[in-house]
Structures are given as structure tokens and as C-alpha cells.
S.K.: 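Sending over a structure as C-alpha cells; questions will come in a sec.
Here the structure is a predicted model, which means the values were calculated and not measured. These numbers come from the heavy atoms of this one structure, side chains and all, not from hydrogens, waters or symmetry mates.
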Amino acid sequence: MNYRSTRNSSIKTQSAHAIVKGLSDEGGLYVPESIPKLSEQEILDLCDKSYVDRAYTVFGKFLTDFTPEELRHCVESAYNTKNFDTDNIAEITKLKGGRYVLELWHGPTCAFKDMALQILPYLLTTSAKKTVDGKQIAILVATSGDTGKAALEGFKDVPGTSISVFYPEDGVSPMQKRQMTTQSGENVNVCAIKGNFDDCQNGVKAIFTDEEIAKKLAANNILLSSANSINWGRLAPQIVYYVSVYAQLVKDKEIEFGEKINIVVPTGNFGNILAAYYAKLMGIPVNKLICASNSNNVLTDFINTGVYDRNRRFYTTVSPSMDILISSNLERLLYHLTGENDALINEWFGSLKESGKYEVNDAVKKQLGELFYAGWCSDDETKSVISKTFADEHYLLDTHTAVAVKVCEDYKSKTGDNTKTVIASTANPYKFGRAVYEAVGGNASIEDEFELIAKLEEKTGTKIPAPLAATKDKAVRFTGSVEKQEMSKTVLDFLGS
């Protein structure tokens, strides 16, 4: 299995190289040159397998330059009860109306990013031994809240690596900020940016493509890599849980084998729903991919019109992990939908960089309409869904999963489609305790975060996860805040280059 760059189809490399590099030199994203298939028998066989075995099967299709022993080591080291609070790794909760909440937040940071970032350090260090043995790997991360902590937790004190995380100063929840700024580890650095997530993401990409920075780091035997979903090693693990949930629903006799499902994903950077698209291409019976956005609804407009326009007001919402106007992983989807036309990708994303806007052709618009449904909801609607779901089903949603539930309701109302539906639940509600507490009728004016959380526990009869509770007594280590133009200096200073 070779990998190509979305901006230069002539590039061909193996997965180990793609994972170590993260981003191609000219700024393109690595994609597999063909999507491997799971036969019906293979999917059926997975129904009686563990999550580890399901992951091993999927990775075996994509990471063909890894030995079976290497893959087994990676999946067993990541997906275990030392890292996750359930043997199943991801849990499924059944709601009314043929809806199934796929809980992707049972890992050490209580967010779906753990599903990928617990295994990425093993994939990366294994890849580095194959390709750049002896070099130090410097991980750069831009985060809208969850990726940062999950990456920090995954890479802390991993030999041969360091990690720098940038987050928008006023664009994460108090709990997300506390998780990052209290992070332990000798090889970690965390810094706030005076701007939004797009500023963080653009800054990281600029560092990756800066030849002078690359030369300075190379002189110190350091190579840059990424833990964002621009890295194939981040995206591939996300495919696993969509394959796994289908197998599990068949095993639990919730669906018949071969029966199609809908998948609803709250997303800002498009990586999580792109993984569901790849699972569909692999052979998982998926009817409709439903893309759910908050008020930063650039993806909704794009899927519905074919016009991507980031020249709009940026909203800071109660679902901050989706407060994004530049959806990086969309580039991978469009590369596939254009038949791997790198010229079009360069044209469209060049236009995005220069004018903040592009429009895809009619052929791509048609495919978007066939594959996806897109919708969005406001903060008030998000809180209303949290309140109603808790009142009706005694199930507490976080502010991102609530967006997905609302858009799912809108889709069913508009189309009458009663296909059984998997809703990707991306975070534990206690990561966004203030908004959730207010949604269920609590007094959100309580200033102290942990006093408020105690009230949320009391009011709902739920429990704050141990990893979040543990941050209460941890000392804050990182208080820095810089302008976006200072990101490269911050990285070089941390790395001593």
C-alpha cells in the first residue's frame, strides 16, 4: 500500500514515511493510493472479535509495511484497560428511535481523540525506526481543545520525541485548558495563541513548510511531525471505530448483517466524518453520512452548495472543538471525489489561501449530495437538546454530541429516513461542565469550575470521570501566551534550535 500527496500525485511513499512526515513537503496530505476492501466474510468474522482484533485487521489493510508483530504490539499497547475504563474501548448506548450513541471518550482524556492518540505514539516510533532511526521527532499540534490534551497524554515522556501544543487563548473550555496547562512530562510544551484555532492550525502548517526552520532543526538531528489529523497515523485509527461499531451492532443483534446504517458526526476539521467515509469505502454498509456543525457552519454551506467560504463571522460557541473555519481534512475527500486530480486540489486550495473561498465543479457537487447530509444548530438549540435528552432518557450529552443529535433529528424530520443511526459521541459532558450544567437548569454563574461540577454531579446523578477530577489538585505548569507570528520562535526556543 503506497501513499500519495493530495497536491502531487506523482509522490508515492509507504505508510511509515507518511506517518513520520505528517505533511508532504509541498503542503499536501497523504492518502492511500487505493482504499482496501473488507469482504463480507471479513466483516462477519469481526463481529465476534475484540476491539484490539478489529483494529489489527483494519491496520493490516492500510499499514502493509508494518510486520504482523509490529501491528500487534501497537494495538495491544494502546487499547487496554490501563488506558481505557472499559474492556470494549468504545461503548454503545441505545437511545429511542433507532439511535445508538457511540461513546468514544472512555480514554485517559475523556475525548474521542484518545482513540487515535493512544496508538499514534506506537505507530510513530515504529515508523521512525524504519525511516529516520536516530533522529529526534518533534511533534507539533494545533488544537481546538481535545487533540492537545490527548496528544500530550499520548506522547509524554515517550523516548525520542517532544511535543509542542498550541491552543486558542479564549477558544477552549475551562476544563480543556486545565487539562493541558497541568500536563506532566519532561518533553512537553503548551502555549496559548492570541487568536482562534484556524490561526493555530495555519501557524503549524507554516512551520512545517518553512525551509529555514527545517534546516535549523536538521542541524540538531530533529525532524518535525504532526499529531493532528493531517497525519495519516491519526486518521487511520478513527476508521477502526466505525468498522467496530457496525460489527458490534450485528453481534448485539441490533441490526442484521448487511443492513445499512446512517452515521452522524459532529465535526469541524472533517477528520472524524472522513474516517466514516473511508469505512464506507472499505465495505461497511453505510447509507448516509450526516455532517453536524455549530454556528461555524462553513461545512454545512459547502456540502449544500459546493462553495467553501471562510470569509464569515467566527463564533466562539459552547462546542469549542468545532469552532473551526478551515477544515483541513476536506482536502482528502475532494482528492478522492475528483479522481485524484491534484491540479484541481492545488487550484481550489490555492484559492482558499489567497481569497478564502473556492467552488467545486458540478461532478463533485453531485457526489457530495449523494454521500452527505449537512446541518447545524445554535448554542440555544444545543442546550435545549441536552436538556430534553436528559429529561426524556436520563442520558447526559456533551455540547458536541448534542449538536449531532439535533442535526440527526432535523435530518429524520426532513427526509423521513428511519434508518438505524450511529451518533458519534466525541466527549464526556464534564469536559464542558458549565454549558451542560446550565442546559439542565443549573446556575452557571458559579465561578469555581470544580464547585460547579460538584453541583452537576448532584443534579444529574452522574459522576465526573477520574482523569478530570484529578486535575483539581494539579499545579498549572504552562501559562504562556503569544501572538500567532511568534509560534515558530516558541517552537525553536523549546527545541533549543
S.K.: Answer yes when R99 and E393 have at least one side-chain N-carboxylate O distance shorter than 4.0 Å, and no when they do not.
M.R.: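 A salt bridge is present here (some side-chain N lies under 4.0 Å from a carboxylate O).
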S.K.: S295 and W376: side-chain donor and acceptor closer than 3.5 Å?
M.R.: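 No, because no side-chain N or O of S295 sits under 3.5 Å from a partner of the opposite role on W376.
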S.K.: Are S328 and K205 linked by a side-chain donor-acceptor pair shorter than 3.5 Å?
M.R.: yes
S.K.: Is there a donor-acceptor contact under 3.5 Å from the side chain of R234 to the main chain of L117?
M.R.: no
S.K.: If every non-hydrogen atom of T131 is compared with every non-hydrogen atom of A16, which pair is closest and at what distance?
M.R.: CG2-CB, 3.9 Å
S.K.: Main chain of A150, side chain of D114: is a donor-acceptor contact present, judged purely on distance under 3.5 Å?
M.R.: no
S.K.: Is a donor on one side and an acceptor on the other found under 3.5 Å between the side chain of E457 and the backbone of I464?
M.R.: yes
S.K.: Taking D392 first and then K388, would you say they form a salt bridge - that is, a charged N and a carboxylate O separated by under 4.0 Å?
M.R.: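 Salt bridge: yes.
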S.K.: Measure the shortest side-chain to side-chain distance between T421 and I261 over non-hydrogen atoms and say whether it is less than 4.5 angstrom.
M.R.: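 The answer is no, as the side chains (C-beta and beyond) never meet within the 4.5 Å cut-off.
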S.K.: Under the side-chain hydrogen bond (donor to acceptor under 3.5 Å, both in side chains) rule, what do D493 and T490 come out as? Steps first, then yes or no, please.
M.R.: CA-CA 5 Å; D493 287 348; T490 301; over 6 Å; no
S.K.: So with a 6.0 Å cut-off around NZ of K94, is the heavy-atom count from everything else above 12?
M.R.: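 It does not: K94 NZ has 12 such atoms or fewer within range.
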S.K.: Out of I163, L120, V165, N231, which one pairs with I139 under the side-chain contact (heavy atoms from CB on, under 4.5 Å) rule?
M.R.: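 Considering I163, L120, V165, N231, a side-chain contact (heavy atoms from CB on, under 4.5 Å) with I139 is found only for I163.
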S.K.: What is the minimum heavy-atom distance between T462 and L456, and which atoms define it?
M.R.: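 It is OG1-O, 4.4 Å.
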S.K.: Is the NZ or CZ atom of K130 both under 6.0 Å from the centre of the six-membered ring of F66 and within 45° of that ring's axis?
M.R.: yes
S.K.: Among N294, T401, T399, which one satisfies side-chain hydrogen bond (donor to acceptor under 3.5 Å, both in side chains) with S319?
M.R.: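 The option that passes is N294.
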S.K.: Within the supplied structure, the quantity of interest is the number of heavy atoms (other residues, nucleotides, ligands) at a distance under 6.0 Å from E447 CD; does it exceed 12?
M.R.: no
S.K.: Using modelled atom types and a 3.5 Å cut-off, is there a donor and acceptor pairing between side-chain atoms of K431 and backbone atoms of T109?
M.R.: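 Yes.
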S.K.: So, for L289 and V286, which heavy atoms are closest and what is the spacing to 0.1 Å?
M.R.: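 Taking every non-hydrogen atom into account, CD2-CG1, 3.9 Å.
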S.K.: Scan side-chain atoms only and decide if H106 and E103 contain a donor-acceptor pair under the 3.5 Å cut-off.
M.R.: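 The answer is yes; a qualifying pair exists.
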S.K.: Are Q201 and N269 close enough that a side-chain donor and a side-chain acceptor fall under 3.5 Å?
M.R.: yes
S.K.: Should the pair F84 and Y79 be assigned to parallel (<30°), tilted (30 to 60°) or perpendicular (>60°) ring geometry?
M.R.: tilted
S.K.: Check the pair D448, K472 against salt bridge (Lys or Arg N to Asp or Glu O under 4.0 Å), reporting the backbone distance first and the verdict last.
M.R.: CA-CA 11 Å; D448 183 82; K472 181 179 181 180; over 6 Å; no
S.K.: Does the side chain of E70 pick up a donor-acceptor pair with the side chain of T126 at under 3.5 Å?
M.R.: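 No donor-acceptor contact under 3.5 Å links the two side chains.
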S.K.: Testing the 3.5 Å rule here: is there a donor-acceptor pair between the side chains of S378 and D380?
M.R.: no
S.K.: Do the ring centers of H400 and F432 come within less than 6.0 Å of each other?
M.R.: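 Centroid distance H400-F432: below 6.0 Å, so yes.
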S.K.: Between R54 and V243, is any pair of side-chain heavy atoms under 4.5 Å apart?
M.R.: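 Contact flag for R54/V243 side chains = no.
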S.K.: Taking atom types as modelled, is there a side-chain donor on Q136 or S162 under 3.5 Å from an acceptor on the other?
M.R.: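 There is no such pair between these side chains.
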S.K.: Does the side chain of T267 pick up a donor-acceptor pair with the side chain of N272 at under 3.5 Å?
M.R.: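 Side-chain D/A pair, T267 to N272: absent.
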S.K.: Does any donor atom in the side chain of Y100 or D252 lie under 3.5 Å from an acceptor atom in the other side chain?
M.R.: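 Per modelled atom types, Y100 and D252 side chains form no pair under 3.5 Å.
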S.K.: Has K474 got more than 12 heavy atoms of other residues, nucleotides or ligands less than 6.0 Å from its NZ?
M.R.: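 Yes, enclosed.
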S.K.: Shortest non-hydrogen contact from F208 to L23?
M.R.: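 Distance-wise, the nearest heavy atoms are CB-CD2, 3.9 Å.
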S.K.: Side chains of K156 and S184, heavy atoms from C-beta outward: is any pair under 4.5 Å?
M.R.: yes
S.K.: Assess whether salt bridge (Lys or Arg N to Asp or Glu O under 4.0 Å) is satisfied between E449 and R178, documenting all intermediate values.
M.R.: CA-CA 10 Å; E449 184 74 6; R178 186 162 188 84; over 6 Å; no
S.K.: Give the intermediate values and the outcome of salt bridge (Lys or Arg N to Asp or Glu O under 4.0 Å) for residues K149 and E153.
M.R.: CA-CA 6 Å; K149 173 60 180 178; E153 194 64 27; 3.2 Å; yes
S.K.: Are any of the side-chain heavy atoms of L333 and F270 separated by less than 4.5 Å?
M.R.: yes
S.K.: Under a plain distance cut-off of 3.5 Å, with no hydrogens placed, do N297 and R312 share a side-chain donor-acceptor pair?
M.R.: yes
S.K.: Is the closest side-chain donor-acceptor distance between Y308 and S327 under 3.5 Å?
M.R.: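 A pair is found: one side chain offers a donor N or O, the other an acceptor, under 3.5 Å apart.
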S.K.: Can you tell me if S144 and D323 form a side-chain donor-acceptor pair at under 3.5 Å?
M.R.: no
S.K.: Ignoring hydrogens and geometry, is there a side-chain-to-backbone donor-acceptor pair from R310 to I326 under 3.5 Å?
M.R.: no
S.K.: Do F372 and I290 have side chains that get closer than 4.5 Å, going by heavy atoms?
M.R.: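 They are not in contact (no side-chain heavy atoms under 4.5 Å apart), so the answer is no.
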S.K.: Is the shortest side-chain heavy-atom distance between I193 and M487 below 4.5 Å?
M.R.: yes
S.K.: Would you check if R332 and W232 make a side-chain contact, meaning some heavy-atom pair closer than 4.5 Å?
M.R.: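 Yes; the side chains approach each other to less than 4.5 Å.
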S.K.: Check whether more than 12 heavy atoms from other residues, nucleotides or ligands sit under 6.0 Å from atom NZ of K177, and answer yes or no.
M.R.: no
S.K.: Working note: K383 + E438, criterion salt bridge (Lys or Arg N to Asp or Glu O under 4.0 Å); need CA distance, chi angles, decisive distance, verdict.
M.R.: CA-CA 8 Å; K383 291 176 183 176; E438 184 178 10; 3.0 Å; yes
S.K.: Does any part of the side chain of L468, heavy atoms only, come nearer than 4.5 Å to the side chain of Q179, both counted from C-beta?
M.R.: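 Yes; the side chains approach each other to less than 4.5 Å.
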S.K.: Under a plain distance cut-off of 3.5 Å, with no hydrogens placed, do E169 and S481 share a side-chain donor-acceptor pair?
M.R.: yes
S.K.: NZ of K194: more than 12 outside heavy atoms within 6.0 angstrom?
M.R.: yes
S.K.: Classify the ring geometry of Y278 against F62: parallel below 30°, tilted from 30° to 60°, perpendicular beyond 60°.
M.R.: perpendicular
